2 protein chains.
Amino acid sequence: MTIRDRAPDQLPPPPWQRRPRPASRRRRDPITVDAIVETALRLLDSDGLDRLSMRRVADELDTGAASLYWHVGSKDGLLDLIFDRVIGEHEMPEPQGARWKEQIKEVARAQRQAILRHRDLIAVSLGRVPMGPNALRFSEGVLAILRAGGVPDRLAVTGHLLLIATVNGFTLDEVSGPRPDDAQPDDPQPDDPQRGGKEASAPPSADAVAGYLASLPADQFPNLSAVARYFGDDDPDQRFDLLIDLFVEGLAQRAALAAPPR
Amino acid sequence: MTIRDRAPDQLPPPPWQRRPRPASRRRRDPITVDAIVETALRLLDSDGLDRLSMRRVADELDTGAASLYWHVGSKDGLLDLIFDRVIGEHEMPEPQGARWKEQIKEVARAQRQAILRHRDLIAVSLGRVPMGPNALRFSEGVLAILRAGGVPDRLAVTGHLLLIATVNGFTLDEVSGPRPDDAQPDDPQPDDPQRGGKEASAPPSADAVAGYLASLPADQFPNLSAVARYFGDDDPDQRFDLLIDLFVEGLAQRAALAAPPR
DNA sequence: ACCTGAACACCGTTCAAGT
DNA sequence: ACCTGAACACCGTTCAAGT
C-alpha cells in the first residue's frame, strides 16, 4: 500500500512558472490510485459521505476532477476500492478447529470495529457485491473457520452469508441509530455556514429517545411506554455480543444435526 | 390517506391565460403532503433512489421544486415520510401469547416483504431513527408479542432492536447482493442515454458469482473454490427463514433462562 | 501515458416577490 | 396561507486538446 510509488525524478517548476494555485497547498503528490483512495477515505471519515465528491478529492490532490477518471473510472469504482481497503484492515486468523465458535465471534467483532472506524462507509456497501481481493480473503477466512469446525459445506456457505448480513445489519442500525449518551443533547453546533441544513441532522441520544417513548400516550402504546426506560441504558456492545451468540450457537446446533460429531 | 383533500373550488384558468407548460401534462392536482409522498414513492420504485430528486417530484406534480418546501421542509423530511408510509403497509397482529415465536417470524417476513416491494428504500433507512406513527405502531406491536410470550422487559427491548437490525440487515444484503438467476446474464440494456453510466451497474447473477468463485486459484482460496457451487443455488427465502429461526429460538432460550415458565 | 479546462446536464435549498 | 422564478453553490461525467 505505498502511497507514493513513483520516484520524484523531476523537480517541480520554479514558482514563477507555476499557474496560480488556490492559495496554500502542499506540493502536489503524483496521482496514484492509492493516493486517491487514501484521500477519499480521509475525506469520508472527516466530512461524511455526502461531502465526498470527486471534485473535493481532486482538490485535495491539487488537480481537477477530470484527472481522477483516468485512474478510477468512476466515483462508483472509487467507492469499490475504498470499501475493499477497509475490509482488509484486519487479518483473518488461522482456523483452529474446535475453537471455531470463538473465532467466528472474533471475526464478527473485528468486522464491526472496522465499520465503526469509518462510520459512513456502511452506506457505501449498499449497492455493492464485495468482490475485491480483501473481500475474497475475508470470505475465504470465514469459510475456513466454519469448515475446520465441522460445519458442512452447504451450511457453511449459508452461514457465511448470514454472518456478513448480520454484522452489516447490526452495525448499520448502530451507526444510524440514536447515539449513546455522550454529547450534550442540545448543542447548536457551529454548523458549517456553507451548505443549507444538509448534514442529516444528528441522531437523537438514547436518553432522548427513551424520554420521548415514555411520554407517549399509554393507552395507544401501552408496551412501548411501559418499557421505555430500557431503551435508555441499552449497550450496543452487549447487544452485538448477544446477537452473535444467538447466531453462532444456533448455527452450531444445525451443524451438529446435519453432521453429528464423530 | 386521501390524496386530494381540498375541494376543487376554483376552476383552472382558461387556456389562453396559462403559462406555457412543458407539453402534455394532466391537470395539476392540488399539492398535498400525501400527494408528494405518493409521487415520490412511485418515482423511487420506478426509477430508483438516485433518480429521485425534488425537481423531478415537483415536475410530476406540475410545479417547481421550491413549492414542495412549504409542505415537507426538506428532501430529508420527505424521505422520513416515505419511510414511515412503507412501514405502515402491513398491520401488526394481535399478540397471542404462546404463539409468540410464530408471530415474530410472521412480522419479520412481512417486514422483509415490505422492503422488497420498494427495493431502493432500504438505502433511505440509513441515516434515520424511525419514529413516525407507523414505526411506533410497529415497535409497539413487536413488544406486545414478545411480552405476551413471557419475554422479560429488558430482553424484549433488546430483542425488538435486534429483530429490526436483523431484518434490515438481511434484506439490505439481499437487495444489493447478486440477483437470483432470472435475467439473462449479458443483456446490454437499452441504457438511458440521458445520464452517463450512473445507474450503479446491475449486480451480477448468483450463477455468475458462483462461476467466478470457482475460477479462483485453489491454492490461494482453497475453501472458497471448494464450496463455490453452493453460492449458485442458495435461496434467499430459505436463508431468511433460517436466520429468523436461529434468532427466535435463541431468544426463547434466553427468555426461559431469565424467567423460567411458571 | 497521463493530465487539463471547459462544458453538459443535473442537484438541494433559499429568498424575495407574488396571489 | 400557499406558490413562484430565479439564483446560489454545488454535483458526476465527457471530451477535445494538450504534454
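The basis for the numbers below is simple: all heavy atoms, side chains too, and nothing from hydrogens, waters or symmetry mates. The chains referred to below are lettered A, B, ... by the order of the sequence lines, with proteins before strands, and numbering in each begins at 1. Note that the coordinates shown come from a computational prediction; the quantities given were computed from them, not determined experimentally.
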B:Ile31 has its side chain closest, among C:dT13, D:dG5, D:dC3, to D:dC3
Whole-Å gap separating P (C:dG12) and CG (B:Leu49): 10 Å
Roughly how many Å is it from CG in A:Asp76 to P in D:dC11, rounded to a whole number? 17 Å
Would you say D:dC3 has OP1 or OP2 under 4.0 Å from some side-chain N or O of B:His71? yes
Compare the minimum distances between each of D:dC8, C:dC2, D:dC11 and the side chain of A:Arg55, then state the nucleotide with the smallest one. D:dC11
What's the CD1-P distance between A:Ile36 and C:dC3, to the nearest Å? 8 Å
Applying ring-ring contact (aromatic ring centres under 6.0 Å, His included) as the test, list every pair that has at least one member in residues 161-180 of chain B; sequence neighbours left out. B:Phe170-B:Phe240
Excluding sequence neighbours, so at least two apart, what forms salt bridge (Lys or Arg N to Asp or Glu O under 4.0 Å) with B:Arg128? B:Asp76, B:Asp80
Return one dot-bracket line describing DNA chain D 5' to 3' (Watson-Crick or G-U wobble pairs, both distances under 3.5 Å; ( ) same strand, [ ] crossing, | another strand, . none). ||.|||||...|||||.||
Within this structure, what is the CG-to-P distance between A:Asp47 and D:dC10, rounded to whole angstrom? 13 Å
May I have the distance from B:Leu43 (atom CG) to C:dC10 (atom P), rounded to whole angstrom? 14 Å
Between CH2 of A:Trp70 and P of D:dG12 the distance, given in whole Å, is 21 Å
Is it the case that the side chain of A:Asp84 and the backbone of A:Asn134 share a donor-acceptor pair, with hydrogens and angles ignored and the cut-off at 3.5 Å? yes
Could you check which of D:dG5, C:dC11, D:dT13 has an atom nearest any side-chain atom of B:Ala66? D:dG5
Test salt bridge (Lys or Arg N to Asp or Glu O under 4.0 Å) applied to A:Glu174 - qualifying residues, sequence neighbours left out: A:Arg112
My understanding is that only residues two or more places apart in sequence, or in another chain, count here; which of them pass side chain to side chain contact (heavy atoms under 4.5 Å, CB included) with A:Ser67? A:Ile31, A:Thr63
Which residue pairs pass the salt bridge (Lys or Arg N to Asp or Glu O under 4.0 Å) test when at least one of the two sits in residues 115-125 of chain A, sequence neighbours left out? A:Glu89-A:Arg117
Distance check needed: C:dC3 C1' versus A:Leu61 CG, whole Å only. 13 Å
Expressed in angstrom and rounded to an integer, what is the separation of B:Arg56 atom CZ from C:dG12 atom P? 11 Å
Students often get this wrong, so: under 4.0 angstrom with heavy atoms, is B:Ser67 touching a base, only sugar-phosphate, or nothing? base
With respect to the side chain of B:Tyr69, which nucleotide from C:dT13, D:dC11, D:dC2 is positioned closest? C:dT13
Would you mind classifying the nucleic acid contact of A:Leu52 as base, sugar-phosphate or nothing, using non-hydrogen atoms under 4.0 angstrom? sugar-phosphate
Quote, to the nearest angstrom, the P distance that separates D:dC10 from C:dA9. 22 Å
Quick one: does any side-chain atom of A:Asn168 pair with a main-chain N or O of B:Asp173 as donor and acceptor, under 3.5 Å? no
